[in-house]
Amino acid sequence: MTVSPDAIVHPSAVVEEGATIGAGCRIGPFSLVGPKVWLGEKVELKSHVVVTGVTEIGDETVIFPGAVVGEIPQDLKFQGEETRLIVGKRNRIREGATMNTGTKGGGGVTKVGDDCLFMTGAHVGHDVTVGDRVIMANQAALAGHCQIADDVIIGGLSGIHQWVRIGRGAIIGAVTMVTNDVMPYGLVQAPRGELDGLNLVGLKRKGVARSEITSLRAAYQMLAQGEGAFLDRARRLGEENDSEYVREIVDFLLERTDRSFLTPK
């Protein structure tokens, strides 16, 4: 066990032999840190937090009471193989949130980026990849193997089906079930997840140029109403538009996927 001299560990906390506790960490009452856990600098575990498994927690991440991070996957195919969870820097993991390690069949790693917020009861399943600055609201859940790009917002009580990809800057409304891939900057809402436009509010907040937003609007209309099959429209869009934001949508739609796509209404 390696505990930095300036780390503060409450007397009631359990830090198992083999754990690494970085400089400036604070481990609160009745928290448990497993033997294969690595905590970066200034990580804070508030009371009654469990961090276990082969798990890395990046600098300045704060984990709130009742969260369980690094437990084994909720997958009946899991046979006890050693897999990992990697959580980046400056994340906020709120009360009762859960994050599982990966599975052998899914690559063995669940990975979370930097500067994310996981609100009360949020769940990150096995072999999921989460980008930077992602927000998951209360009780939102990611099933296994999902890929969530940067700057995505997932509303409360929403569920993302296994293997689904959500592109950068998309937003998912509350109480929504998403069963197919969501293109970058898409707006999804309704109980059975419908693509209902672009995340214009998010684009404007990011300071995206008006000309780029106009290009995105035109691209969306072409995908919705253009001639031919949906992927044919996407290919044609890539040939006719030089906007980097539109190109990102086209590249996403033309990548290999295990799901279908949500298409414009």
Identify the two heavy atoms, one from [X] and one from [Y], that lie closest to each other, and give their separation to 0.1 Å.
X: Cys25; Y: Leu39; result: SG-CB, 4.1 Å
X: Thr176; Y: Ala190; result: CG2-O, 3.2 Å
X: Val87; Y: Met99; result: CG2-SD, 4.0 Å
X: Pro264; Y: Phe230; result: CD-CE1, 3.7 Å
X: Ile135; Y: Met119; result: CG2-CE, 3.9 Å
X: Gly131; Y: Cys116; result: O-SG, 3.2 Å

Between the main-chain N or O of [Y] and the side-chain N or O of [X], is there a donor-acceptor pair closer than 3.5 Å?
X: Arg259; Y: Thr179; value: yes
X: Thr20; Y: Trp38; value: no
X: Thr101; Y: Thr110; value: no
X: Arg247; Y: Gly238; value: yes
X: Asp132; Y: Asp114; value: yes
X: Asp127; Y: Thr103; value: yes
X: Asp59; Y: Glu41; value: yes

- [ ] Could you give me the CA-CA distance, side-chain angles and deciding distance for Arg217 and Leu200, then say whether side-chain contact (heavy atoms from CB on, under 4.5 Å) is met?
- [x] CA-CA 9 Å; Arg217 284 178 180 271; Leu200 296 175; 3.3 Å; yes
- [ ] For Arg133 and Asp115, run salt bridge (charged side-chain N to carboxylate O under 4.0 Å, His left out): C-alpha distance rounded to whole Å, both residues' side-chain angles, the deciding distance at 0.1 Å, then the answer.
- [x] CA-CA 5 Å; Arg133 300 174 301 279; Asp115 301 300; 5.4 Å; no
[X] [atom1] to [Y] [atom2] distance, which is reported to the nearest 0.5 Å:
X: Leu142; Y: Ile160; atom1: CG; atom2: CD1; result: 6.0 Å
X: Leu32; Y: Ile27; atom1: CG; atom2: CD1; result: 10.0 Å
X: Glu194; Y: Asn180; atom1: CD; atom2: CG; result: 12.0 Å
X: Arg94; Y: Thr120; atom1: CZ; atom2: OG1; result: 6.0 Å
X: Leu216; Y: Leu203; atom1: CG; atom2: CG; result: 6.0 Å
X: Asp258; Y: Gln162; atom1: CG; atom2: CD; result: 10.0 Å

Are side-chain heavy atoms of [X] and [Y] found at a separation under 4.5 Å?
X: Leu45; Y: Ile57; value: no
X: Asn100; Y: Gln74; value: yes
X: Met136; Y: Val124; value: yes
X: Leu85; Y: Val69; value: yes
X: Lys89; Y: Glu60; value: no
X: Pro35; Y: Glu17; value: no

Open item on the list: Is it the case that atom CZ in Arg26 sees more than 12 heavy atoms from other parts of the structure closer than 6.0 Å?
Closed with: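 No - once you tally the heavy atoms of other residues, nucleotides and ligands closer than 6.0 Å, there are 12 at most.
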Task: Flag if over 12 foreign heavy atoms under 6.0 Å of CD, Glu227 - done: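 For Glu227, atom CD is not crowded (no more than 12 foreign heavy atoms under 6.0 Å).
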Open item on the list: For Tyr220, run the side-chain contact (heavy atoms from CB on, under 4.5 Å) check against Val246, Leu237, Leu187, Leu195 and tell me which one passes.
Closed with: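 So the option named by the test is Leu195.
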Task: With Gln189, the side-chain contact (heavy atoms from CB on, under 4.5 Å) member among Ile172, Asp196, Val175, Ile171 - done: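 Going through the options one by one, the only one that passes is Asp196.
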Open item on the list: Run the side-chain contact (heavy atoms from CB on, under 4.5 Å) test on Tyr185 and Arg168 for me, step by step, so that the C-alpha distance in whole Å, both residues' side-chain angles and the decisive distance to 0.1 Å come before the verdict.
Closed with: CA-CA 6 Å; Tyr185 313 109; Arg168 183 160 72 108; 2.9 Å; yes
[X]-[Y] co-clustered via ILVMFWY side chain contacts under 4.5 Å:
X: Met183; Y: Leu262; value: yes
X: Val182; Y: Leu231; value: yes
X: Val109; Y: Ile148; value: no
X: Ile213; Y: Phe252; value: yes
X: Val250; Y: Phe261; value: yes

TODO: Might you work through the salt bridge (charged side-chain N to carboxylate O under 4.0 Å, His left out) test for Asp181 and Arg165, ending with a clear yes or no?
DONE: CA-CA 5 Å; Asp181 290 355; Arg165 300 179 303 145; 2.9 Å; yes
Open item on the list: For residues 137-177, which residue pairs pass the ring-ring contact (aromatic ring centres under 6.0 Å, His included) check, not counting sequence neighbours?
Closed with: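 Every ring-ring contact (aromatic ring centres under 6.0 Å, His included) pair that includes a residue of residues 137-177, provided the two are not neighbours, is His126-His145, His145-Trp163.
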Task: Evaluation steps, side-chain contact (heavy atoms from CB on, under 4.5 Å), between Ile249 and Leu223 - done: CA-CA 10 Å; Ile249 291 176; Leu223 289 171; 4.2 Å; yes
TODO: Can you tell me which residue pairs pass the side-chain hydrogen bond (donor to acceptor under 3.5 Å, both in side chains) test with a partner in residues 233-243, sequence neighbours excluded?
DONE: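 Counting only pairs at least two positions apart or across chains, the side-chain hydrogen bond (donor to acceptor under 3.5 Å, both in side chains) contacts touching residues 233-243 are Glu212-Ser243, Asp232-Arg235.
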TODO: For side-chain contact (heavy atoms from CB on, under 4.5 Å), just list the numbers for Phe30 and Ser47, CA-CA rounded to whole Å, side-chain angles, deciding distance to a tenth of an Å, and then say yes or no.
DONE: CA-CA 6 Å; Phe30 303 104; Ser47 68; 5.7 Å; no
Task: Basic-acidic side-chain contact under 4.0 Å: Lys46, Glu44 - done: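 Looking at Glu44 together with Lys46, the answer is yes, because their closest N to O distance falls below 4.0 Å.
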